[in-house]
Amino acid sequence: MAANSTVFATNLQALRKQRGVTQEQLAHYLGVSPQAVSKWENGSYPEGDLLPRISEYFGVSISYLYGQEAEAVSIEQQILDTMQDILEKHRQEGKEGNAHPEYLDQMLDIAWAFQIGAWPNNRTYYERGVPDENTRTASAIYDDSGFSFFNLNKEREFYTIVREPEGGFAKYLKVTEELRAFFRIMGEPGALEVLFYMMSLKHTEYVTCSTIANSTGVTEARIQELIEEIKIFENHCNSCFTCVDVVHNDTVEQAYSINGSICMFISLLLNADVIIRPPHGYQMQVGMRGKSWFDRNEVKEHMTRGKENGKV
C-alpha cells in the first residue's frame with residue numbers, strides 16, 4: 001500500500017507540474033481544498049469518485065496514476081521529443097554552424113517509416129536509401145486522398161507528400177498565363193544558368209547584372225531581358241528574388257538577391273529530374289487510387305472558359 005501511495009503521489013505531482021497547474025487550480029477543478037491536493041502529493045489518497053475526474057483532467061488512465069502502465073504519448077509528441085533531443089545534443093556537444101545533418105536524417109527516417117507503413121501487413125522497419133548512384137530507385141504511394149513519393153538514391157534523397165484538396169487537384173491547379181510564362185521563361189536560353197548562379201548566393205549577398213554576366217557567360221543584355229520577364233512575379237509577396245538600388249557615385253544600378261523560398265526551385269529541379277529520368281524500379285509501390293488525378297468535367301469546363309476568353 002505504501003509503495004502504491006508513493007507512486008500515486010509522485011505521478012500526480014509530476015503531471016501537475018508538467019502541465020503547469022497549481023495545487024489551487026487542480027483543487028478548484030475538483031471542488032476540494034488545496035490542502036487536500038497537498039496531502040495526496042504527500043502520500044494520502046483522494047476519494048474514489050475523484051479518480052476518474054483526475055485522470056480525465058490530465059488525460060491519463062487511472063492505472064497510469066497508480067504506476068500500472070506508461071503514459072500514452074501521441075506519435076506527434078514522440079517525434080517532437082525526439083527532434084528536440086537531437087538539437088539539445090547538438091548544442092551540448094558545442095557544435096557550431098547552421099548544419100544539422102542528424103536532424104535532417106531523422107526527418108527522412110521518420111518519413112521513410114510512414115512510407116513503408118503503407119505496405120499492407122508490413123511490421124518490419126528497414127533502412128532507407130540506395131547507395132548505387134546508377135540505380136535510380138524510388139518508393140511511391142497513391143490513393144484517392146493524395147500521394148507520396150520518396151526518391152531513394154543516397155546522393156539525391158527527397159520526400160514529397162501531397163494531400164489532395166477537397167474538390168480535387170483540377171479545382172486548384174489551372175492553366176494560367178502566369179503558369180505558361182513561368183515555364184516559358186525557365187526554358188529560355190540563359191534562364192537556368194542565371195538561376196543556378198543566383199542559388200550560389202547567400203541570403204545576405206546581392207549581385208549586379210554585370211557580375212552575373214561575367215560568371216555565367218550569358219550576355220548582360222540577355223540577363224536584363226530575363227530579369228524583366230521575371231518581374232511578372234514581383235507583385236507576389238515573398239518572391240524568391242529581391243532587388244535593391246545600388247548608388248555608385250552619380251549612377252544607380254540594380255542588384256539582386258534571393259530569399260528562403262528559393263529552395264522550392266531545388267524541389268522543382270529534383271522532381272523534374274525524376275520526370276526526365278524515371279526510376280529504374282520501385283523498392284515499394286502501393287497503388288490504391290481508383291479515380292483519375294484530375295476531374296475531367298472540371299478540366300473541360302476550364303478549357304472551355306479558356307477558349308471563350310481566347311487563351312487557348
Side-chain angles (χ1 to χ4, degrees), residues 79 82-83 86 98-165 168-170 172-173 175 179-180 182-201 216-217 240 258 260-294 299:
I79 292 172
T82 297
M83 305 310 277
I86 292 173
N98 299 320
H100 297 85
E102 303 95 336
Y103 192 93
L104 270 297
D105 281 337
Q106 186 67 66
M107 287 179 68
L108 285 171
D109 279 340
I110 293 169
W112 179 234
F114 282 121
Q115 192 77 2
I116 61 178
W119 185 359
N121 302 318
N122 177 41
R123 307 292 297 180
T124 303
Y125 180 86
Y126 54 89
E127 295 294 325
R128 73 178 200 276
V130 178
D132 187 354
E133 177 69 15
N134 296 319
T135 303
R136 302 171 64 82
T137 306
S139 173
I141 299 170
Y142 43 93
D143 65 14
D144 288 347
S145 298
F147 66 91
S148 63
F149 182 91
F150 207 129
N151 201 68
L152 291 168
N153 289 88
K154 282 289 189 182
E155 297 304 316
R156 53 163 70 90
E157 280 183 293
F158 66 90
Y159 181 64
T160 301
I161 180 169
V162 179
R163 176 74 163 83
E164 185 163 355
F169 289 117
Y172 299 94
L173 298 175
V175 178
L179 189 62
R180 292 183 193 278
F182 173 78
F183 280 106
R184 176 179 56 78
I185 293 170
M186 289 298 101
E188 290 186 5
L192 289 177
E193 287 81 356
V194 172
L195 175 64
F196 275 53
Y197 180 79
M198 292 297 292
M199 289 193 292
S200 73
L201 301 176
T216 63
C240 295
I258 59 175
S261 57
I262 196 73
C263 66
M264 295 308 296
F265 274 104
I266 302 290
S267 178
L268 176 66
L269 293 168
L270 286 170
N271 281 282
D273 181 62
V274 171
I275 294 172
I276 295 167
R277 299 188 297 161
H280 297 149
Y282 289 87
Q283 194 171 98
M284 190 199 75
Q285 187 175 20
V286 179
M288 299 175 288
R289 190 174 180 92
K291 62 181 183 180
S292 63
W293 290 103
F294 277 23
V299 172

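Hydrogens, waters and symmetry mates play no part in the numbers below; they use all other heavy atoms, side chains included. Bear in mind that the values here come from a model prediction, so they are computed numbers and not experimental data.
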For the residue pair Asp273 and Phe158, establish whether any side-chain heavy-atom pair is separated by less than 4.5 Å. no
Which label fits Phe147 and Trp293: parallel for a plane angle under 30°, tilted from 30 to 60°, or perpendicular past 60°? perpendicular
Below 4.5 Å, heavy atoms only, C-beta onward: do Leu195 and Ile262 meet side chain to side chain? yes
Please assess Thr216 against Glu193 for the test side chain to side chain donor-acceptor pair (under 3.5 Å), listing each intermediate value before the final yes or no. CA-CA 6 Å; Thr216 63; Glu193 287 81 356; over 6 Å; no
Among residues two or more places apart or on two chains, list those pairs meeting salt bridge (Lys or Arg N to Asp or Glu O under 4.0 Å) that have a residue in residues 115-125. none
Given side chains that start at C-beta, do those of Lys291 and Glu164 come closer than 4.5 Å, heavy atoms only? yes
Any side-chain heavy-atom pair from Met198 and Phe265 closer than 4.5 angstrom? no
Heavy atoms only: give me the nearest Met186-Ala191 pair and the separation to one decimal. O-CB, 4.0 Å
Correct closest heavy-atom pair for Gly146 and Arg289 would be N-NH1, 4.1 Å
State, yes or no, whether a side-chain contact exists between Phe196 and Leu269 at a heavy-atom distance under 4.5 Å. yes
Answer whether the closest heavy-atom distance between the side chains of Tyr282 and Phe149 falls below 4.5 Å. yes
Tyr197 meets the ring-ring contact (aromatic ring centres under 6.0 Å, His included) criterion, sequence neighbours left out, with none
Taking distance alone, no hydrogens or angles, what donor-acceptor pairs closer than 3.5 Å link side-chain atoms of residues 106-114 to residues at least two apart or in another chain?
unit_1 : atom_1 : unit_2 : atom_2 : d
Asp109 : OD1    : Tyr125 : OH     : 3.4
Asp109 : OD1    : Arg128 : NH1    : 2.4
Trp112 : NE1    : Tyr126 : O      : 2.9

Closest non-hydrogen atom pair between Val274 and Arg136, with its separation: CA-NH2, 4.2 Å
